[in-house]
Amino acid sequence: MEITDEVKRELKVKSEELKLQATGSSSFNSSLLTFNSLKPTAHGRQLVRLGLPPRLGHLVVRGQELGQGPAATALAALLAERDLLRWATPQRSRARCPPDLRPAPRSAGQRPVPAAGLALHPATLQRVRDVARHLQSRQGPKGHSPIQSFTNSPIGLLTALAYPDRVAQRETDGRLRLATGQRVELRTEDVDPQAEFFAVAHLAGTAAAPRATLAAPVSREELETAFAGQITTTDEVRYDPATQRVTGRRVRRLGALRLAETVIGQPDAALVAGALVAYLQEAGLAKLNWTPGARQVQQRLEFLRHHFPSPTADDTQAPTTDNEQLTTNNQAQAPPTWPASDEATLLRELPQWLGPHLAGLKSLDQVQRLDLTEPLLARLPGGWAQRQALDRLAPAALEVPSGSHVTLDYADAAAPVLAVKLQELFGLTETPTVAGGRVPLLLHLLSPGGRPAQVTRDLRSFWEKGYFEVRKDLKGRYPRHPWPDKPMEHIPTKLTKRRLDNL
């Protein structure tokens, strides 16, 4: 039977559409055009001769290359039509047809009675056969009818050639994940309850809730063969909270689809460190080993950033007086910049400051044995000189008049605390300071029992007034400790009166 005039006109229109699409965006433009000249490639010229939309033309050409030319030609003609099968009972005309694509080509090729409850569209079937014969004649010498070639043909694979972005993997019995990552609805039991991979020919529904209306199963082996150039192999390393260790897998993927994976015995050290960092960024800094020393370093850095903020662009561009210019010229170097060390910044910059120190570690237990002091100090841009400035401007501890070295508390950047027994400060009249004399310490003057007896920033005023109220309250409770009438003249001590007398 000769191809009808109507089909000829349709093919001519599609051919013109294809020529226009050759200069635009298409799923197959990479094979249609060369990027340096924007001229059609050999593959593109083949598609133009076929006069089909790019997807279906690609199916025909690639099917021919895989030795499935007649079946690919017939399937392309069939996929151009969506209503080859219909419900035999008019009352079911509004119901969805089964999504399995395979009965349609088999019914078209072998003329059996379609699946139970379904019937063929005679006019549509005739158009499919006419187009298939016409395409077959363009592909080479005449042979058996392309429609008959559907027997034992890989319908799923051929469909995937036309719609590579719709190759899908089962996630649940009612949902697939496309190679693009999009999820679509499909009752897989209506197509193949055992298949893992599918090729989706038609989609319906909405953009937010698409559903597959025609699909066919395709095997992993077929995908490996047809899309070998698009399959990637990557090493995926992640921290497993269940085992508290880093595990590695080598994964083969086709887009968002996972084709296969194998366990890696010894993952790359950089990937392991990256996996630990990724877990810690998700779980939070509380998972790290915050010793009192490490926590104090963080707080000391924040204290200095608070009191020595980095100069702004306006500060650096502001005009200077002659005296200011002289002072600047006499400085050996610009004041150091104190990096932000708050929780949010440390979490965000975790790969930079902690990542290098995780080399060789494979478990959270190993990470939690890591002292954070050195990683935190390594963030200082001024190196060793800035570390010395840190110790000078925000010392970890202060030597008090009794000779004790008392650790300072920088939890409040605006008011660092020195908590010490008041007897150890006898004779000291000026409140100690930090930040180069800028910030007076908040003194927590403790009783011999270790409880705050007075909180002050004015030590001289305390000795002159507050001390005597405290002495009246505590002397009876702690009679073994010295409570002199003239505290600014007494020997500072942490000892009892008896031990002090025995010295």
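As a basis for the values below, the full set of heavy atoms in this structure was taken, side chains included, without hydrogen atoms, waters or symmetry mates. All residue numbers in this chain count up from 1 along the given sequence.
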**OP:** Sequence neighbours left out, what passes side chain to side chain contact (heavy atoms under 4.5 Å, CB included) with Gln244? Give chain and number order.
**Re:** Tyr239
Note: [X]-[Y] ion pair, threshold 4.0 Å (strictly below):
{"X": "Glu343", "Y": "Arg348", "value": "no"}
{"X": "Arg183", "Y": "Glu171", "value": "yes"}
{"X": "Arg387", "Y": "Asp391", "value": "no"}
{"X": "Arg55", "Y": "Asp165", "value": "yes"}
{"X": "Glu236", "Y": "Arg249", "value": "no"}
{"X": "Arg258", "Y": "Glu196", "value": "no"}

Spacing of [atom1] belonging to [X] relative to [atom2] belonging to [Y], to within rounding of 0.5 Å:
{"X": "Leu254", "Y": "Gln230", "atom1": "CG", "atom2": "CD", "value": "6.5 Å"}
{"X": "Leu393", "Y": "Gln388", "atom1": "CG", "atom2": "CD", "value": "11.5 Å"}
{"X": "Leu285", "Y": "Gln298", "atom1": "CG", "atom2": "CD", "value": "8.0 Å"}
{"X": "Leu59", "Y": "Gln68", "atom1": "CG", "atom2": "CD", "value": "10.5 Å"}
{"X": "Gln368", "Y": "Leu280", "atom1": "CD", "atom2": "CG", "value": "8.5 Å"}
{"X": "Gln386", "Y": "Leu390", "atom1": "CD", "atom2": "CG", "value": "8.0 Å"}

Original post:
Are any of the side-chain heavy atoms of Arg187 and Asp173 separated by less than 4.5 Å?
Top reply: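 Side chain of Arg187 against side chain of Asp173, heavy atoms only: no contact under 4.5 Å found.
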Subject >> Side chain to side chain, Pro395 and Leu408, heavy atoms closer than 4.5 Å >> reply: yes
Original post:
Side chains of Thr262 and Arg250: donor-acceptor distance under 3.5 Å anywhere?
Top reply: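 There is no such pair between these side chains.
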Original post:
Do Thr232 and Arg253 have side-chain atoms, one donor and one acceptor, less than 3.5 Å apart?
Top reply: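 No, because no side-chain N or O of Thr232 sits under 3.5 Å from a partner of the opposite role on Arg253.
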**OP:** Look at the side chain of Arg295 and the backbone N and O of Trp290, then say whether any donor-acceptor pair between them is shorter than 3.5 Å.
**Re:** no
Original post:
Short question: side chain of Glu222, backbone of Ser219 - any donor-acceptor pair under 3.5 Å?
Top reply: yes
**OP:** Give a yes or no on whether Glu282 atom CD has more than 12 heavy-atom contacts from other residues, nucleotides or ligands under 6.0 Å away.
**Re:**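 Count not over threshold, so no.
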In a table with atom names and distances, give each donor-acceptor pair under 3.5 Å that connects a side chain of residues 352-364 to protein atoms at least two apart or in another chain.
residue : atom : partner : partner atom : Å
Trp353  : NE1  : Leu346  : O            : 2.9
Lys362  : NZ   : Gln266  : OE1          : 3.2
Ser363  : OG   : Gln366  : N            : 3.3

Identify all side-chain donor-acceptor contacts of residues 301-308 below 3.5 Å with residues at least two apart in sequence or on another chain.
residue : atom : partner : partner atom : Å
Glu302  : OE1  : Arg305  : NH2          : 3.1
Glu302  : OE2  : Arg305  : NE           : 3.0
Glu302  : OE2  : Arg305  : NH2          : 3.4
Glu302  : OE2  : Ser341  : N            : 2.7
Glu302  : OE2  : Asp342  : N            : 3.4
His307  : NE2  : Ala413  : O            : 2.8

Original post:
Step by step, would you call Asp235 with Leu271 a side chain to side chain contact (heavy atoms under 4.5 Å, CB included)?
Top reply: CA-CA 8 Å; Asp235 289 349; Leu271 294 178; 4.0 Å; yes
